[in-house]
Structure formats: C-alpha cells, structure tokens
Protein chains: 2
Amino acid sequence: MGGDHVKGRGGGADGTPESAEPSPNGRRPTMEDVAARVGVSRALVSVVFRGVPGASASTRERVLAAAAEIGYRPDLAARTLASSRSRVLGVMLTVHNTFHADLVEAMYAEAEQVGYDLVLSAHAPTRHSEKAVGALLGHRCDALVLLGPETSAGFLEELVERVPVVSVGRRFPGTRVDIVNTAEGRAVRLALDHLLGTGHRDIAHLDGGGGAGSVERRRAYRDRMRAAGLADHIRVLPGDHTEASGAEAAHRLLAEGRVPTALFASNDRSAIGFLDAITRAGVRVPQDISLIGYDDIPLAGLAHIQLTTVRQDSVGLAREAVRLAIERLDRPSLPPRSSVLEPELIVRGTTAAPRADVDD
Amino acid sequence: MGGDHVKGRGGGADGTPESAEPSPNGRRPTMEDVAARVGVSRALVSVVFRGVPGASASTRERVLAAAAEIGYRPDLAARTLASSRSRVLGVMLTVHNTFHADLVEAMYAEAEQVGYDLVLSAHAPTRHSEKAVGALLGHRCDALVLLGPETSAGFLEELVERVPVVSVGRRFPGTRVDIVNTAEGRAVRLALDHLLGTGHRDIAHLDGGGGAGSVERRRAYRDRMRAAGLADHIRVLPGDHTEASGAEAAHRLLAEGRVPTALFASNDRSAIGFLDAITRAGVRVPQDISLIGYDDIPLAGLAHIQLTTVRQDSVGLAREAVRLAIERLDRPSLPPRSSVLEPELIVRGTTAAPRADVDD
DNA sequence: GCGCTCCACTAGAGCGCGCTAGGGCGACAA
DNA sequence: TTGTCGCCCTAGCGCGCTCTAGTGGAGCGC
C-alpha cells in the first residue's frame with residue numbers, strides 16, 4: 001500500500017500523460033476557450049451563461065453550442081470570487097436523520113428554482129455543529145440553513161452577524177435568526193384530540209430531550225391535558241429523538257407495570273423504537289396501547305409500521321427556508337421573521353379506542 | 001402566516017446593514033486585513049494558514065491570534081482559484097441511507113487529517129446522480145467519492161476522464177475508477193458458515209436488487225450453498241435495499257407457507273423490515289427463524305433489534321476512499337486500484353439453532 | 001447633415017488567494 | 001572588511017470569472 005508521499009511543489013512535468021483529447025485531466029476549459037471558439041469576447045460568454053440580457057439570440061445559441069462541444073461548465077469558485085454572491089446556500093444537517101433527508105431533498109428542488117445551489121455539511125457525534133458551520137462559511141455560502149441546530153443561542157447570535165441564518169425546527173427568540181417551523185401547539189393538539197376523541201384519558205408523553213421542538217411539544221402536551229381536565233394523568237417519560245430512547249421507555253413502562261392506554265411520542269424515531277420494543281414484549285398496538293408519533297418520516301408509512309403520526313410538511317418547510325434565506329439576502333435589514341407551517345394528522349394503524357379493562 | 005418579531009439590537013442603533021463595524025454583514029475579512037493588523041505582508045499570512053514552513057513561531061502565533069480576533073477564515077473559493085487544487089473532496093451519497101451517514105462521518109475525520117474538506121451532494125429519487133455529480137464538478141472538487149453509485153458505467157467512464165473518481169461499494173471493472181469495497185465473498189461466507197455451523201440447511205437469501213454489492217452477495221450465496229451440498233435449498237427472494245422490501249418478503253413467505261429456517265438478507269434495512277413484519281405475524285426470531293443482515297447500520301445494534309449481521313468496516317472504507325483519492329491526485333497515471341476490506345461477523349440475537357420440527 | 005437613443009458587444013479592473021522570484025539581515029568564516 | 005549561507009519576509013502575477021464603463025454602428029427625428 002502506498003507509502004510514498006510525493007509532495008512535489010508545482011506538480012512537476014505538466015505534460016498530460018494521456019492523449020490530447022478535449023479535456024484529458026489536463027486543464028478544464030474556461031470561458032476564454034469558449035469565446036475563442038465562437039469568435040467573441042469572454043465577457044459576452046459570461047453574459048450568456050449568466051442569462052442576463054445583452055446578447056443576441058443567435059450568439060447565445062452559438063456560445064451554448066460551443067460550450068457543450070468542449071464540455072465547458074462555469075467554475076463556481078471563480079464565479080463566487082468575482083461576484084458578491086455565490087448563489088450557494090449552505091445546509092447543515094444531521095446525516096443520520098431521515099427527516100433531514102426529506103428536507104434536503106425538497107430544498108434541492110426549491111433552491112434550483114431560484115437559481116441556487118446547495119452545499120451540505122454534516123453535524124455528527126464526532127463533528128460539532130461549529131465545525132460544520134465553519135466549513136460552510138469557508139465555502140462562502142450566501143446564507144445558511146440549519147436543520148434542527150443544537151447550537152447555543154450565543155453562537156448563532158455571533159454567526160448571524162456574518163451571514164444570514166435560517167433555523168428550521170428550532171426557535172431562537174431574541175436573535176436575528178429567521179425561523180421556519182411547524183405550529184407545534186396545533187400539532188400536539190391534533191395528536192391529543194385524536195386520542196381524546198377515541199376515548200383515551202391516560203395519555204403519556206415520550207419526551208424529546210434536547211431535540212428540536214421538544215420543549216414546545218412538552219409544554220403543549222401539558223397544556224392540552226390540563227385543558228381536558230386530565231392534569232392528574234400528565235406523565236412525561238424521559239427520552240430523546242432516537243429509537244433507543246423509545247425502546248428504553250417501553251422497557252421502563254413494562255417494568256413499572258404502569259402502561260398508559262396511549263403514548264404521544266416527541267418524534268417518529270422514538271415512537272418506532274417504542275413500538276418495536278413494546279410489540280416484542282407481547283403488548284399489542286393499538287389494541288393494548290395506542291401510539292402516535294411526530295414528523296412522518298419515510299419509515300412511518302411502511303406497511304409493517306403504519307404509525308399514526310403528525311406530519312410535518314417537509315416540502316413546505318424546505319420552501320419557506322429557501323424563501324426566507326433569499327429574501328434576507330435581498331433585504332438584509334428586514335426584522336427577524338418566522339414562518340409557521342400547518343401540521344397534518346396522519347391516522348394509520350397504531351391508534352384505536354382504549355382497551356376495555358381501564359377505567360378511572 | 002408568520003409573525004414578525006422586531007428585535008432592536010442592543011445599543012439603540014437600528015442595525016444598519018452598511019455600518020462600519022468590524023464585520024457587520026458588510027465585508028468579510030481577508031488576508032489583507034489580518035496582515036495589516038499584525039503588520040506583516042499578506043504572503044506571510046498565507047504561509048501561516050497553509051501551514052508551510054517560512055514563518056517564525058512567534059509570527060505564526062500573532063497571525064493566528066489576529067485572525068481569530070477579526071473572525072478571519074480563508075476563502076475557499078479564492079484558494080481554489082489560485083491553486084490548482086481545491087483541497088476539497090466531493091462526496092455523493094444517498095441521503096436516506098444511514099450506512100452512508102456512517103461513511104460520511106468517518107470520511108470527515110479522514111479528510112481532515114490530510115487537510116481536505118468534504119462537500120456533500122445528495123442523490124435522491126428526485127435528483128439523479130448525474131445532477132449530484134454535476135454540482136460537485138461545479139465546486140471544482142479535486143476528486144469525487146461516490147457512495148454506492150447507481151450510475152451507468154458509461155457515465156463514469158466519461159467522468160473519470162475529467163476528475164479522479166473513487167467508488168465505494170460498487171465495482172466498475174474495465175473503467176479507470178478506483179474501488180473500495182468489502183470482501184463480499186468472504187462476508188457472505190462468514191454469514192452462511194455461521195448459519196450452517198448452528199445447523200441450518202434451509203437458508204434463503206433476500207436479494208438486494210440494484211443495490212451496491214447485491215450481485216456479488218447473490219453469487220456468493222449460491223456458491224456457498226452449492227459448496228455445502230445444499231444446491232436444492234438455494235432460494236433467492238426478490239428484494240432491494242429498503243425496509244419495505246424486507247417486509248414484503250416476509251408476507252410473501254408467510255402467504256406461501258414456505259418459511260425457511262434462516263434468512264440471509266442483502267442489507268440491514270431489508271433485514272429489519274423483514275424482522276419487524278415476521279415478528280408481528282407471530283413468528284419468533286430466532287426460535288422459529290434465524291435472520292442475518294449486512295452492513296451493521298446503527299439501528300442493528302439497538303437493544304430491541306439486536307440483529308446478527310456482517311459488519312462492513314465503515315471507518316476503514318472511509319479511510320481507504322480518502323487515501324485512494326489523494327494518491328490518485330498525486331499520481332494521475334496510476335493504474336486503477338481497488339482496496340478490499342475485511343468484513344466481520346457480529347453475532348447478536350437474531351440467530352440460533354434451527355427449529356426442531358424441520359428436517360430434510 | 002446633426003444629435004440622439006438603443007442594441008450588441010468589448011476592454012479591463014478587480015475578487016482573495018497561492019506561489020515564485022527575490023530582498024534584507026544576522027551569523028559565521030575568511 | 002567581504003563574502004556567503006540561511007532564515008524571514010515581501011512583491012507581484014495570475015487563477016476564471018463578474019461587472020462597470022465604454023465603443024461602434026444602426027435607426028430615427030429634426
């Protein structure tokens with residue numbers, strides 16, 4: 001295995017070892033090449049590729065044809081350097097989160113429509129948000145979109161002084177960060193009203209810990225239970241937004257022997273972990289216990305899961321995130337805004353009327 | 001929708017975007033600014049940030065301190081433009097794949113060690129690989145690492161003429177693409193020998209369809225079964241690398257009434273889908289059927305899943321992918337290489353001796 | 001004829017950095 | 001003193017592009 005590190009400065013012999021093809025690793029074609037081929041100035045080629053007025057239709061066509069022939073594509077680095085805008089949005093996500101995956105997919109489509117590109121940077125256990133954001137900054141993104149950021153408000157406050165920031169799913173009151181999220185209160189009410197409507201009274205909440213939206217969901221759960229006159233049944237089980245915490249909660253409930261008739265989980269991952277563990281223990285869902293999640297991740301709709309859940313509008317969240325970012329670029333002095341999207345209850349197979357042996 | 005929260009910035013002044021503060025969205029600091037602050041030339045600051053010899057320790061320290069003060073960080077676009085190398089590796093991944101998430105996390109660490117940065121571009125149902133790769137190219141990545149690419153060999157063949165390409169998990173014989181993968185043959189033998197060793201003979205394979213490595217796994221399954229004199233028991237169930245296909249396979253098996261004593265799945269996702277569906281149908285794992293997966297994704301090790309699986313060394317794959325890419329940059333004329341990593345059998349709770357009522 | 005506007009196009013100055021050819025200077029030998 | 005080596009450091013070009021200012025020519029009204 002390669003043990004040699006040739007650190008030649010300047011690259012040594014520039015001679016392309018291969019043939020003299022249009023672009024054999026040697027040098028990538030530039031605007032100059034296209035211009036020369038068509039017989040116009042470089043500036044005009046630039047005009048064509050930026051899609052601004054200033055070139056006749058026939059010239060435009062010839063330029064594009066020549067570019068295609070030699071395999072030219074604009075160099076983003078040079079474009080970024082020359083213009084004040086890079087037309088790139090930086091997105092920080094948690095790679096292990098499939099809901100983030102949904103958001104990213106939708107954001108690609110949204111960004112493309114307004115002529116923007118996305119650069120992804122991952123937050124992970126071994127890679128702090130600060131580092132992920134740093135990488136994005138280095139790429140000179142015009143704006144950052146942070147998906148469920150777990151950074152401190154202080155860090156964001158500094159960050160937003162350097163670049164527009166949109167946070168998806170987590171609010172940062174008191175900072176200039178723009179916010180996109182789901183109407184958590186209404187979402188929780190949708191979930192609880194569904195359970196209450198089918199006769200449940202003993203409804204517990206599986207908490208989301210430090211996850212995005214957890215605080216709001218917990219509070220809304222408490223509020224709704226109180227409003228329904230069920231303050232005595234309020235029960236928040238510790239957890240976070242992972243499958244493991246759902247499974248743990250299930251085991252804990254079983255060990256305590258105090259299984260509620262319904263559980264409202266702070267997100268789908270923990271709900272699925274709970275579902276799996278409780279099912280294995282012989283507790284039937286929904287006959288013995290109803291379960292409701294949050295997010296509507298792809299897994300939730302699978303035939304064997306059929307999780308009832310509160311759907312977050314990932315496409316809508318993505319659209320708003322991109323929109324807010326672009327608007328902020330155009331008008332930096334705008335006050336911080338927040339865009340709140342409507343949730344939707346997706347009733348599937350994990351909820352039903354409570355078991356008969358319970359009364360209180 | 002969306003309420004506006006107007007937050008006056010401390011200090012009374014209404015945040016004028018064009019003020020002359022250290023760095024209020026106006027202009028990001030440059031090397032020039034750092035140089036001026038320290039009282040040295042710009043070139044010397046460059047030396048410090050590139051980490052090359054040529055600056056005294058004390059100067060180095062003062063430069064870094066000044067940079068930190070004014071929040072300077074090198075502009076990747078300018079750096080890329082000026083040098084022939086961008087020191088950026090482009091990674092294409094499937095954003096919904098958690099094994100890819102593991103790989104990406106490990107690659108970040110590897111790349112950082114050799115002074116490289118990663119740019120992620122997602123392949124998704126609505127975003128073809130070609131587009132994802134195009135975006136990477138626009139960012140002028142030095143090399144591309146494609147995770148389980150589902151592109152045509154022809155496309156890759158053209159691509160590799162423009163930029164070094166490393167494929168992880170999928171082989172492209174006959175092209176100049178460098179390959180990193182797990183020794184599929186040995187991996188499959190590990191899995192099957194484990195099952196054979198505990199007495200299983202009726203072992204089916206849940207196929208991976210078009211997924212990375214599927215072809216090799218299917219062939220190795222057939223080979224091993226034949227070698228064990230079990231050609232009559234060879235049974236490949238159609239599927240792909242998703243949970244849904246595993247669940248479907250379970251339902252199909254139950255409907256047919258021909259449940260094998262063991263199933264070797266082409267990846268963990270389909271294994272988990274199968275596990276969930278078959279468990280719900282009342283079939284016990286591992287008492288009634290043993291199950292073994294492939295990859296060892298994070299979910300597999302969770303308390304309530306405990307999936308026996310063949311572990312792919314994600315850290316090793318990541319390391320090799322980065323190494324091959326960098327080596328190729330240093331020596332473009334190297335012949336195509338492939339790096340094959342050893343798999344490891346992880347025995348957890350889904351495998352055991354076959355049920356007693358079966359004999360043949 | 002003149003002045004004017006409009007359109008297609010060009011010239012050339014940077015954007016922030018990497019990189020090479022040197023300049024300045026202290027140390028040491030002759 | 002004069003070299004001469006070595007270390008820190010500086011000057012300045014150019015990467016591929018955007019963008020402002022400007023050029024030339026056709027068309028129009030007077």
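Just so we're on the same page: letters track the sequence lines, and every chain starts at 1. For clarity, every value in this text was computed on a predicted model and none was experimentally measured. Only this structure's heavy atoms are used, side chains among them; waters, hydrogens and symmetry mates stay out.
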Closest approach of [X] and [Y], non-hydrogen atoms and distance?
X	Y	answer
A/A135	A/R127	CB-NH2, 3.8 Å
B/V177	B/V165	CG1-O, 3.6 Å
A/M107	A/V91	CE-CG2, 3.7 Å

[atom1] of [X] versus [atom2] of [N]: gap in Å, rounded?
X	N	atom1	atom2	answer
A/D75	D/dG14	CG	P	18 Å
A/L44	C/dC7	CG	P	16 Å
B/R140	C/dG18	CZ	P	13 Å
A/D33	D/dC17	CG	C1'	13 Å
B/M31	D/dT10	CE	P	13 Å
A/H139	C/dC15	NE2	P	22 Å
B/R79	D/dC17	CZ	P	21 Å
B/E32	C/dC15	CD	P	10 Å

Is any side-chain N or O of [X] closer than 4.0 Å to OP1 or OP2 of [N]?
X	N	answer
A/R28	D/dG16	no
B/S41	D/dA11	no
B/S46	C/dC19	no

Show the distances under 3.5 angstrom between N or O atoms of the protein and N or O atoms of nucleotides 21-24 of chain C.
none

| query | Starting at the 5' end of DNA chain D and moving along, which residue's nearest nucleotide shows up first, A/T30 or B/A57? | reply |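 With A/T30 and B/A57 compared, the 5'-side residue is B/A57.
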| Is there a side-chain contact between B/I179 and B/V166 (heavy atoms, below 4.5 Å)? |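 The answer is no; the side chains never approach within 4.5 Å.
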| field | Validation row: B/V45, B/V48 side chains within 4.5 angstrom (heavy atoms) | value |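 No, side chains not in contact.
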| Hey, which of these two, A/R62 or B/L81, hits DNA chain C nearer its 5' end, going by closest nucleotide? |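 On the 5' side of the pair lies A/R62.
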| task | Please name all residues satisfying salt bridge (charged side-chain N to carboxylate O under 4.0 Å, His left out) with A/E61, sequence neighbours left out, ordered by chain then number. | result |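 Not a single residue meets the salt bridge (charged side-chain N to carboxylate O under 4.0 Å, His left out) criterion with A/E61.
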What does [X] touch in the nucleic acid at a heavy-atom separation under 4.0 angstrom: a base, only the sugar-phosphate, or nothing?
X	value
B/V40	sugar-phosphate
B/P74	sugar-phosphate
B/T80	nothing

| task | Any pair with a residue in residues 100-110 of chain B that passes salt bridge (charged side-chain N to carboxylate O under 4.0 Å, His left out), sequence neighbours left out, goes on the list, sorted by first then second residue, please. | result |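 Qualifying pairs, neighbours excluded: none.
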| query | Hey, is the side chain of B/R42 pairing donor to acceptor with the base of C/dG18 inside 3.5 Å? | reply |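 Between C/dG18 and B/R42, which were checked side chain against base, a qualifying N/O pair under 3.5 Å is present.
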| query | Where the side chain of B/A43 is defined as all heavy atoms beyond and including C-beta, which of D/dG16, D/dC19, C/dC19 is the nearest nucleotide? | reply |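 Nearest nucleotide to the side chain: C/dC19.
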| request: Taking only Lys NZ, Arg NE, NH1 and NH2, and the carboxylate oxygens of Asp or Glu, determine whether A/R328 and A/D142 approach each other closer than 4.0 Å. | output: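 No.
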